[in-house]
Every structure is written in structure tokens, then in C-alpha cells.
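Worksheet: one structure, shown below.
Quick caveat, the model's predicted, so the values are computed rather than measured. Reminder, nothing fancy here: chain letters follow the sequence lines and each chain counts from 1.
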Amino acid sequence: MPSNILHFFDNFWLAIGATIAIVMAYLSVNAIMLIWLERKLAARIQRRIGPTRGPFGLVQQIFDMVKLFSKELITPDHVNRVLYLIAPVMIFAPVMALCTLFPISATWVFHDYSVAVVLLLAISGVNILAIFFAGWGSNNKYALLGAVRAVAQNISYEIPLILSIIPIVMMANSLSLYGIADAQTGVPYVLLQPIAAIIFIISATAETNRAPFDIPEAESELVAGFHTEYSGMRFGMFFFAEYSNMIIVCGLATVLFLGGWKGPYLPGPVWFFIKVYALIILMMWFRWTFPRLRFDQLMKFAWMVLVPLALINLLITTFVLKLI
Amino acid sequence: MASRFDVVQDAESRDTYYLNMGPQHPSTHGVLRLKLHLDGETILSVDPVIGYGHRAHEKMAENRDYLQFLPNPSRVDYISGMIYNIGYCQAIERAMGIEVPERAEYIRVIANELNRISSHLLWLGTFLLDLGAFTPFLYAFDDREKILDILDRVTGSRLTYCYGRFGGVTLDVDDLFLQQTAEFCTHFKTRFALYEELVIDNVIFQERTVGVGVFEPDLIQKYGVSGPCLRAMGQANDVRKDEPYGIYDRFDFDIPTQMAGDCFVRSLVRMDEMRQSVRIVEQAVKDIPDGPFIAPKVPKRIRPAEGEYHFCVESARGNFGIYIVSDGSDIPFRLKMRTPSFANMATMPDVMKGTLLSDAVAILGSIDIVVPEIDR
Amino acid sequence: MTLHAYLLVSLALFSLGLIGALSHRNLIALLIGTELMMNAASLNFMAFNRYVVTDPTVGQIFVLIIIGLAAAEVAIFLSIILRLYRAYHDIDSEKLVELKG
Amino acid sequence: MPDIIVYIFVVLTLIGGIVAAVARQVLYNIIGLGISLLGLAGLFLNLGSPFVAAMQVLIYIGGITVAIVFAMMLSIAMSLLPPTPNMAKRVFAILSGIVFFVALASMIMGTHFNSVEPAAQAAWSVGQIGHALLTTYNLVFETLSLVLLLAIIGAILIARKDTSTP
Amino acid sequence: MAFVKDILDGTKTLLTGMKVTLNNFRKPSITSKYPIEKIEMSEAFRNVIVLIEKDDIQSHDCIGCKACERVCPSFCIDVDGERPEGMRRMRATEFKVDFALCSDCGLCLDVCPTDTLGYSKIHDETGYNRSDFVYDLLDPWRDAEGPTVERLRKLEEEQAAAKKARTVKKAAAKKAAAKKAETETSKETTEETPTNKNDAENNDA
């Protein structure tokens, strides 16, 4: 069994403080690096150069952060102040909580929950409310439309997401992330459950509101969607949350389908992060290749394609597991 | 407290609301304003509000002589400025009966068709941008940049050309230009595969465009739809074939047509038009004769005889007509420009009715409007 | 926390739900009041499960069933609200006095 | 888990409940409900059932609250003006609530429960719940599935847009 | 199973699209790093007009005829010229272009009678307000204006002298020719045509 972070600290509060510090530091650095990665990747795909300040353009992100921090935080006059102010915090908080759930290696894990998968899905559902608060509180038609779309989309894609996880849970016979990763001896589940893996990565892309499922913030239709009215670091929080969410879903996919930390030669954490970032690069690749789907097509795709496929997959898995 | 929540209200009905798309909006390509009456995401009616980019080009024509108006037409449609500029020159030439040397005619055809390709490439990029794909935009601009470089060498400008002169063009083209053009044609023919694989064949692109924004046949009569939008409705209408101007009757090219009239076939028609333009350019480059590039004897004062003159050319967006009323002086009494974007955009209330908000963006992108051309 | 404390919290929640359900005229607020009362019941089940019953799964199963029922109830209730809104353009419980659909 | 966290959850639950009960804007009611449910989930966690806590968050906050929010957005008119408070009704409601609370509280405080020793934290597992659901409580489980199915069908039937109406 | 076939076909097109972007990912970048790499402007590049130095007078040859000012559609040229003392040729005293208004049409180049207008090669003018774009085209020539006028005057005097000499010579030749004509008519053509030709050439220059 992995060691709990509580084992390293005598004091409960110290453990919590340390966890928060580690997660915050990781998420900030991660978001900055992911923005850099996305820019460079997009530039290479489009045969541009991308950011050039500093070595490999890395300093550009620091400048951008400074810019975001130093910008004036505008609170428009017509907004619903409570919702408007609470939304950026609320969208970021669940992500932080979720980061603590992942088993990074066989021995590195903050806390191994027996129902971590359910907890992860549950807490990531809070994101929807935050997006809704942002859209409704902004009191702007574009923001409201974006929020409506986001809520509808997230509800719809949660179903195939969960349905694609259930076969994995059944095969691993565990709801704990550590247990699922541990159960994948030799063959990762992506080979045994390719359809579930595909459905998961599609639904995960939709859950994080990234292209081609970025209709809540479709810039050619809704200007900026639910964060139209936000400026400065409040907008930065949405930005942060988007990239941190990518970490969450890709981490989940890594644990569920790619065997978590397992891999030859290299130590566990290295393998874990290699897999996570490979999935993130895949999601970025989607984004820079495909056009955006229309709202009703998105819904149709979820309900007419993904859900039936996931259900069929679930049924087949059940029968096969029963036969074995 | 109550007033804070009344944004989503509409005077007549509580279920519907108005949404301003524009004048400052990422997908109206300029300062077009569409007043959308929405029920949820469904469009009940569209009210295009134009004139934000009005620059009084037609009035300007009444205040300056024919030569001084020369830079203006390319500003009307800055994306295919060459066609407008040369079209204006041709209109005056026909009015004055100026003979244009052979070589100048060929240069004009090459420049026009290159400009048409660059205009269509820009359309491809921005259309895909409207649909949410960013990468094809830059691929299209890569090719467009090559055209601009070629044209830049002889015309000196990259966007708003003032290359044509009454009776010819400003500068002769050299062998390097012809060689570059030929090279571009060979290169560009290989790029179609990329656009097809990345864009046209893509299932998401087809989902977004097939059956969306269908132009009903009665719109032709009602609004005077022209250009690729008309050809996508099965009408093989092209000024270059119907009433050939310049030397277009010498070239072998087809008019691509499609039947469905939706956003998807409009894209197909434009892709095919680029192929045809490449064909024309290749023939012109092969056949271009030697000789003067501007007529030796151009009257110093342009004074068309009293009367009315009409001349139309096929621009990248459709039928561009110039109507001149002359009172015999060297200043036009009235100059009217019939711009294709205006007519095509006027169909929007009929076409967009009942579609979704996302479709509105796709339709607007697919008819390829240039807002200064609408406003003039 | 003792069992009594949990029961008191649950009771307070129930009373708040009652106040909400009785004082509001908006149908959605009524629904929220009902939800609060159901959750108070869930808390009761959980508390008894922890402190009184020997089999620790029974209470949890009850709570799960309550959650499931609540979901079903909300689905039906909300569709009725939507229907009412479409018919009357209002969901004020005091104005909806006609029994005609 | 230190007691203070439990108290935080209790306070969350009660504050959320108060907001949900007395705020006049429906939106704030919903937020209050969400906070209250979050607190409840924390209490469930403390009562030794992370699974039910997770389910509470997943279904209540992620599902039901969002559904209510969605319904609120679709029937926007009511958020425009908070209905004028009917003072008599309010007073009556609060009074009845207080009376109810006092009566039951006195009853609870006067009752002695046969408290067994709290079972060990890990005495149950998700597997056990599943097992119980499919054996002892199978009838309840199946009935619940049927109810949910009927609810879905019913909801669709009721909320469907009439094509015949103009 | 049309449903399954649709899904498979759609997936295939999506994968093709991803293949295209991957292929482009592997190709080198085509951006030119503009401020670091200098970009060559083409020969015909149109920008703010300048006065070109003419070889024969080692200065610009603007005579302030205002043809460009009249033809300019944007009304951005402001020319003034005057006749220096005792000279026949005009000299520009003021030539201002408001480049903020210019539309790069090139009509001024077309109408210039002395062909002294051309395009500059500067392509990155910047400024803080509109008045920064009012260029005084005579600026580079002002310092040398005195000597230039002197040189021009000398040139003109020489020309005038040459012309005078020519006319004198012509008159003399005419006289001689008239004289000769009386005696011999056949020689007249052979002698007179060369001088006429010279005359014409001088006038053109």
C-alpha cells in the first residue's frame, strides 16, 4: 500500500498546509508550462516560431503572468457582484482538491481514497456551477449563452464519461485510483478497452471545454463565452483552471487506461508525467486540427454516438467478465 | 436589484431576446452589425445594420476626375483590389475607346487571377476561423503570402493595388515574374490535397456546412445573388464567360457549379474556382506576347462623351458593376458601383431565419462578405 | 459530535426546509425547501446508521435510495415547472390557481 | 479528522440552509442549497461513509443543483422580480418552523438512544453496499430503477414542446 | 450498418486531418523573424515619395510645376516653386507630403514632367502623431541648394550661350547658305542637316 502523506507529518494541519503548498506550486508552474507548450505546439503545427523571448521562449510566459497580475481588475457596474466574484475562485478550488488524489508512483500518493474515482467525478462536477455563476453573474448575453451551453454540454458529457469508466472499475474491481493503476499488470487497459479509452478521451476533451468542443467560449460566436466580462487575474483564474483541468482529466486517463506510474526502466513518477503530458499533447493536437462542432451536433454526438457505444461496450465487458 | 436581471428581456415576449452580433464582433469581419432576434439559440429574424464603414466612395467620384478616382475601387473591396482596380480601368477604356496592348491584357489577366486566388484563400482561412479551426487559416495565408510576394514585385503594393492605368498597367512584368508565377501554379496545385484532407473531407466541417444556409432559388430574383453563391445554386453564371471582357474569351476554363446551394458546396465551388484560376494563369503565362505594356496614346483628359456607361467584371465575390453617367466633363456626373457583397449579404434575413446562432456565423463566413464593399 | 447533535442539526435543516417551503411563492424555491427536508432525513439515517445500527451498510443504502428518489422527483418537478412556465409564463404558486393545462 | 472540521461542516450546512430558506432571490436559494449539501457531504464523510459523501456531491451538487439552475434559466421570468413578500405567510412559516423545531428538539433531547459502539471506520466497503443492494434490498433497488426510468420518460413527456401549439 | 460506417468514415477523416497537421509539424518554420532579419523591399515597392537625384544636375529636378499636386487624389502633396533670379527654369521651394493621407497610387510619378519623383525604400516609418508623417522632401537637398542653383545657372548660361552661338551660327549658316544657294543648290542639303540634327538634340536635353 502507498504511504499516506499524513505519515510524513505528525500534525494534521501541517500535512494539509504542505499538500496545499505542493499542489499550488505544481499547478502554477504547470499552467505556465502548458501555455508555453501549447503555444509552441500550435506554432510548429502552423509552421510558425511561437514565443521567442528567453531560451525557447520560456520567459514569455513569465511576462504574461506579470501582465495578468498587474492588470486592473475591472468589476463592471451591471454584474451580480456575489456571483461575479465567487466564480473565478470556485472554478479553481475543485481542481486543487482533485490534484491530491492521484497516485504518482507506487509509493507517492497524498491520500488513497477507496472511492477516489467517484469523488473525482463528483468534485469535477462543481466546475459546472462555477461556469454558470460566471456566465449568469456577468449579466451579459454572450456570457449567459456561454454558460447555458457549458452547463448543457457538461451534463451531457458526464454520462459517457462515467459509462466509459465503469468497465474499467469492473475489471480492476476497485474504485481507488491506486487500486486501478495497480491492477494493470503487464497490459494497460487501453489495449483491453480501446473503445472506452476513446470515449473517455473525447468526453474528457468536452468536459474541459477544449476544441473541438469549446462551444461555451467559442470566440467566433460568443466573443469569449462565459468569461467575456472578466479581466486581469480573474480571467487568469479561468485560464489556469482550464489547463489544470487538463491535468486532472489526463491524469485520470493515465491511471485508468495507461497503467499510471508503470513502465520499464524509468522511475514511476517520470512515467506518470510522461503519460499525462503525452495525453495533453494529444488534446492540444485535436485543438489545432479540428473545427468546432455546433451546439446541437455536440449534444447529438454525445447522446446518439457516445452513450450507445459506451453502453454496448459496458454490456460486452460485463458478459466477458462473467464468462472468465 | 430588479434592474440587474433584465438583460435577457425583450419588450414583446419574455422568451425571446435580441443579440447584437457586431459592430465589433470576431466573426463579422469588420463593422457589420447583425441584430439577431433569438429564441434560445434559434434565430427568429435577422436585421443587418450596415453603414458603419461607409466612406462615400461614390460621392468622392463626383468630386474628382476620372484619373483621381483610380485608387478608390481597390479600397472598396480590399481583398480582391486588383480586379476592382483593373475593372475600373477597363470601364473607362471602353467608355473612351482606348486600345489596350496585348501584353497589358495578358498581364491584367494574370494579376486578376492571382488576386482571385489570394482572395479565395483568405476566404478559406477566415471561414475556417469562423468554424473554430485556426490552423487552416495559417496554411492558407502561407500560400496567399506567396501570391502577395509575386504581385508585390511588380505592383509595389500588397493589398490595395493601384496597378492598372487607363490603357495598360504601371509597370512591365519581367521574366522572373512569369517564372515565379509558373512555379507558384505548380506548387499550388499540390496544395489542394492538403486543403481537401484537412478541411473539405473533415467530418466536422461537413457536419457544420452540409445543408446549412441553403439559398432558395427565389433569392436570385429577389436580391441579385451573384458569384460563387449563385454558382453553388446550379447557375453557371460568370461574367468572364457570359460577356467576356478583356481577353477572357481566349482562355480555356470552366465555370464550376454545384446544385445544393448550401455552405458546403459554396466552399467546393470556391476551391474549384481556384483550380480554374490556376488554369487561366498557366495559359496566360505561356502565351504572353512581347510588346508595350501601356497604350502609347492615351488622351490626357479623360472626358467620356455625354451618356451612360455600364461595365461589369467578375470579382472574387461576384458581379461587380460600374455605372458611369457622364456629362461630358472630366468629372463623373454619377458613378455607381454595384457590389456583389451587398447583394449577397441582403439575403441574410431570408437565409438565416430558423437556423442556429452557430449556423449564422458559418453562413456569414461562407458567403464571403467584405464589409467595406457593402458600405462603400 | 454525538448522536443528539447530529439529530439537532438534521432537525434544524428540516425546519429550515419547512420555512423555505412554506414562505416562498416561487415553485423552484418550494422545490429547494423540499430538498432540504429530504437531506435532513438523509442525515438522520446516516447518524442512526453510525451510532445505533450494527450493520453499517443499511443506512447508507437508505441514503442512496433517497438520493435516487430525489433525482427522480426533481426531474419530474422541474419538467412540470417548465410546462407551467410555458403555459402561464409564470411559476408563482399563488397565481397558478387554474386546474386547466 | 479534528473536530473543528466537523464544526465547519455543520456551520456550512446550517448557513446554507438559512440562505436556501429565507433568501428572496431564487438564485441565492440555489447557492444556499449547494452550500448546505456540500456541508452535508462533509458530515457524511465524518460519519464514516466517503462513498455516500461522494454520491451526495456527484448527484446532488453535480446533478440536481445544476438541473435546478438549468430550469431556472429556462424559466427566466421569475428571476426578474423577487415576488413581493407576503408578510403574513412569512411570519406563519417562520413560526411554524420554530414551533416544529422546538417540539421535536425537546423530544430528541428527552430520548435516550441505545447507542452501540460506533462501528470501526473500515468495517464496510463499497462492495458490501453493492452486495446488499443486489441481494437483501434487491426489490428496493429495482423499484428505484423503475422509478427513475419512469421519471425520465415522464419528464420528457411533460416538458416536451408541443408541436401543435402555435 | 450505416451508423457504424458513418462513425468509422468520420474517424478516418479526422485521423487524416491529424496526419496533415503532424506532417506540417515536422516541416521547418517559414516565419521570417522580421526585426532581426531584414526584409528586402521589391524594386517596385511603393512608399513615401522622394525626389531622385538627376545625374546631369547632381540634384533633384523638381521644377515646382504642381502637376503632382493637382493629380493627387488624396490631396497630400504641397508644392511651391519659384524662378531663381535670372533663370528661365523654375526651382521647387517647398515640397511637402503628408504621408498619413497618401494612398500609394503612384499617379504623381506618372504625371511628373521631369521624372524626378520616385519611391523611397523606407518601409517602417513610425511616429507619435500625425504630424510626424509630414515629410519635407526638399530637406536632403536644402544645404546644397545654393551651389546647385549656381551650377544650374551656369548650366543654363552655358546652354543659353550655346543656343545663342547656335542661333548665331545658324543665322550665319543661313546667310552663307543663302549666299551659296545662289551659286550652288546641290551643296545645301549636305551641310545643313547635321546642324539641324544637333540643334534638335540640344533642345531635347
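Both the backbone and the side chain of A/Leu121 come within contact range of chain D, judged by heavy atoms closer than 4.5 Å. Within the 4.5 angstrom heavy-atom criterion, only side-chain atoms of A/Ile155, from C-beta onward, approach chain D. Residue A/Leu83 touches chain D through its side chain alone, counting heavy-atom pairs closer than 4.5 Å.
A donor-acceptor pair shorter than 3.5 Å can be found between the side chains of A/Asn245 and A/Asn127.
Counting non-hydrogen atoms of other residues, nucleotides and ligands closer than 6.0 Å to CE of A/Met170 gives a total above 12.
Ring orientation note: the planes of A/Phe301 and A/Phe213 are close to parallel, at an angle under 30° on the 30°/60° scale.
Of all non-hydrogen atoms in A/Val255 and A/Leu177, the two that sit nearest each other are CG1-O, 3.4 Å.
In terms of heavy-atom pairs under 4.5 Å with chain D, the best-connected choice from A/Ile123, A/Ile86, A/Ile162, A/Val148 is A/Val148.
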